[in-house]
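What follows is a set of notes on a single structure, which appears directly below.
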Number of protein chains: 2
Amino acid sequence: MEATQRPAAEQAEGAGERDGTRARLVKATAMLLQRQGYEATTVKQILKEAGAAYGSLYHFFPQGKEELAAEALRFGADDFADLLRRGLAAADDPADAVANCALSMADALRTSAWLDGCPVAATALEIIDRSPLIQRASDEALRQWRELIAAKLRDGGLPRDTAAALACTVLSTLEGAELLSRVSGDDSPMRFAAEHLATLVRASR
Amino acid sequence: MEATQRPAAEQAEGAGERDGTRARLVKATAMLLQRQGYEATTVKQILKEAGAAYGSLYHFFPQGKEELAAEALRFGADDFADLLRRGLAAADDPADAVANCALSMADALRTSAWLDGCPVAATALEIIDRSPLIQRASDEALRQWRELIAAKLRDGGLPRDTAAALACTVLSTLEGAELLSRVSGDDSPMRFAAEHLATLVRASR
DNA sequence: CTCCGTCTTGATCGATCGATCAACTGGAGG
DNA sequence: CCTCCAGTTGATCGATCGATCAAGACGGAG
């Protein structure tokens, strides 16, 4: 059985044409998970935001909210990966590149009234040991982002192991600075992170 | 055998709190908030964990779960502050002191199966813009910890502003590294943070 | 046209949520 | 002895949770 037949029009590209019901569900869920986490996000809220009905959700995601959330996290992860790629590509010097990422996040946070940051942090923290499916999706997102940063550090001349460890700390600092910024409603933690991460990267070569 | 049924702590010493039902509620709530956040923690779970009944909760906390959670966050914040104080006091050099804090957190996480870390992070992220009471308690906790770190950096000779900014990033990195460690079930992000934070502090003087 | 699989609709389900409340307990003070 | 009341108990509330399902709309194939 090689099933998987879908309308070619909707499967073709992820972007472009107006979204189908499935895509709208994923998008709406990704936004809600990013802003208020998993438990605080209700199915009703998702359906309203996506303009869909109950049955549609369970048609595309037979396992319900949990399966949809895992898919939404993967969607959000790709989105955030793009932000990192842009920030990293905007400077040759890895130190400047990392600082760019932090400043991009500071911008996104400020202009969204401290709502839009990392798409998995809130969900990941509350789901630990409660949903293997979602925890796994979160873990993969974080590893994907780490690797993006590590690659830039390697290009900058750092040895493989050094780059991997440093990339891990860079991501830690970005995530933590976002927490502090969102809670306090002030982007200075994010801007301090930009400055200090540049210092740290320079000190590591 | 029938000597004293009550702990001697009943003697009121002004503001001293007895280790009674109220204290048990706060303690149980603090633990649950730390591990699974606010929305995932149910009142029933709290009552079972604390060995209390519904009425007792609403007797001590008329505003219910939200009021109890805010109190529990303050309790947990003091607990975590003690961990930081011990880590910071264990070394004269601020760089070593900060690394100590990270390693202490790594220990606590590993020995608790990645459950016990920062007592406010999970709750803070999901509650943003949903409960001013709890968000305020989270913000105050983070500021308290920042100030503990900043004081150590000032003692190490850093100017006031420099110390404040650096303390902010130190706490960001600790929080983010805990996120990565808990999600991946691996304390290396926390240990990398220890190493890199020491490097960063040394590079800042 | 009919047939059939894909997708949508919303009423409805049982479970569980946070919260309320009247009844009760036991020790302190008169 | 009695009253008084801080503290406790658990049944019960209405609301809402995530999930289910029968019914039907829609469009392509025959």
Side-chain angles (χ1 to χ4, degrees), chain A residues 1-12 17-26 28-29 32-33 36-72 123 126-127 130-131 133-134, chain B residues 2-12 16-26 28-29 32-33 36-72 123 126-127 130-131 133-134:
Chain A
M1 294 191 178
E2 68 239 53
T4 329
Q5 347 172 332
R6 288 198 192 289
E10 304 204 350
Q11 188 188 9
E17 310 285 70
R18 67 182 175 186
D19 294 332
T21 303
R22 196 191 130 101
R24 291 202 315 277
L25 283 168
V26 171
T29 306
L32 291 167
L33 289 183
Q36 52 188 27
Y38 182 76
E39 301 288 349
T41 298
T42 70
V43 171
K44 236 174 216 168
Q45 220 179 347
I46 293 172
L47 296 177
K48 184 181 174 187
E49 195 70 35
Y54 271 91
S56 295
L57 195 164
Y58 292 92
H59 171 74
F60 290 111
F61 303 93
Q63 302 184 74
K65 184 187 178 187
E66 191 177 343
E67 185 184 358
L68 171 56
E71 178 80 8
T123 301
E126 69 177 337
I127 216 61
R130 306 183 81 248
S131 163
L133 200 66
I134 297 179
Chain B
E2 55 153 309
T4 50
Q5 302 174 344
R6 286 295 185 87
E10 194 192 352
Q11 308 157 356
E17 283 208 34
R18 292 174 294 175
D19 194 5
T21 303
R22 195 192 132 101
R24 291 202 315 277
L25 283 169
V26 171
T29 306
L32 291 168
L33 290 184
Q36 52 188 28
Y38 181 77
E39 300 288 348
T41 298
T42 70
V43 171
K44 236 173 216 171
Q45 221 180 347
I46 293 172
L47 297 177
K48 184 182 174 186
E49 195 70 35
Y54 273 92
S56 295
L57 194 163
Y58 292 92
H59 171 74
F60 291 111
F61 304 94
Q63 303 184 73
K65 185 187 178 186
E66 191 176 343
E67 185 184 0
L68 171 56
E71 178 79 7
T123 301
E126 68 178 338
I127 217 60
R130 307 182 80 248
S131 163
L133 200 65
I134 296 180

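Values below: every heavy atom of this structure, side chains too, minus hydrogens, waters and symmetry copies. Lettering of chains follows the sequences in order, A, B, ..., and the numbering in each one begins at 1. Fair warning: this is a prediction, and the values are worked out from it, not measured in the lab.
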Problem set entry | Distance-minimising heavy-atom pair for A:Gly37 and A:Thr41 | O-OG1, 2.6 Å

Exercise. Using a cut-off of less than 4.0 Å, is there contact between a side-chain N or O of A:Ser56 and OP1 or OP2 of C:dT8?
Worked result: yes

Seminar exercise, completed: In whole angstroms, the gap separating P of D:dG18 from CG of A:Leu47 amounts to 9 Å

Seminar exercise, completed: When every non-hydrogen atom of A:Gln63 is compared with those of A:Glu67, the smallest separation belongs to N-OE1, 2.8 Å

Seminar exercise, completed: So CZ of A:Arg130 and CD1 of A:Ile127: to nearest 0.5 Å the spacing works out to 5.5 Å

Could you give the side-chain donor-acceptor pairs of residues 47-61 of chain A under 3.5 Å, partners two or more places apart or in another chain?
none

Exercise. How long is the gap from OG1 on A:Thr29 to NZ on A:Lys65, to the nearest 0.5 Å?
Worked result: 9.5 Å

Exercise. A:Thr21 side chain N/O closer than 4.0 Å to the phosphate oxygens (OP1, OP2) of C:dT8?
Worked result: yes

Exercise. Rounded to whole angstroms, how far apart are NZ on B:Lys48 and P on C:dC17?
Worked result: 12 Å

For nucleotides 19-25 of chain C, tabulate all protein N/O to nucleotide N/O atom pairs closer than 3.5 Å, reporting atom names and distance.
unit_1: C:dA19; atom_1: OP2; unit_2: B:Tyr58; atom_2: OH; d: 2.7
unit_1: C:dA19; atom_1: OP2; unit_2: B:Lys65; atom_2: N; d: 3.0
unit_1: C:dA19; atom_1: O5'; unit_2: B:Tyr58; atom_2: OH; d: 3.3

For this session: Write down the distance between NE2 (B:His59) and P (C:dG18), rounded to a whole number of angstrom.
Result: 21 Å

Seminar exercise, completed: B:Glu39 atom CD is separated from C:dT16 atom P, nearest whole Å, by 18 Å

For this session: Starting at CD1 of B:Ile46, measure out to CG of B:Leu33 and round the result to the nearest 0.5 Å.
Result: 6.5 Å

Exercise. Can you check whether A:Glu39's main-chain N or O pairs, donor with acceptor, with B:Glu126's side chain at less than 3.5 Å?
Worked result: no

Exercise. Could you state the interatomic distance from CD (B:Glu66) to CD1 (B:Ile134), rounded to the nearest 0.5 Å?
Worked result: 5.0 Å

For this session: For B:Leu32 and C:dG18, give me the distance from atom CG to atom P, rounded to whole Å.
Result: 12 Å

Seminar exercise, completed: A:Gln36 CD to D:dC17 C1', in whole Å, measures 15 Å

Problem set entry | Value in whole Å for how far the P atom of C:dT16 lies from CD of B:Gln45 | 13 Å

For this session: Mind grabbing the angle between the end helix axes of the helix from C:dC1-D:dG30 to C:dG30-D:dC1? Five pairs an end, 10° rounding.
Result: 10°

Exercise. Have B:Gln36 and B:Gln45 got a donor and an acceptor in their side chains that come within less than 3.5 Å?
Worked result: yes

Exercise. To the side chain of A:Thr42, which of D:dT9, C:dC7, D:dG18 is closest?
Worked result: D:dG18

Problem set entry | Integer-rounded Å distance: D:dT8 C1' and B:Phe61 CZ | 15 Å

For this session: Could you check which of C:dG18, D:dG10, D:dC17 has an atom nearest any side-chain atom of A:Lys44?
Result: D:dC17

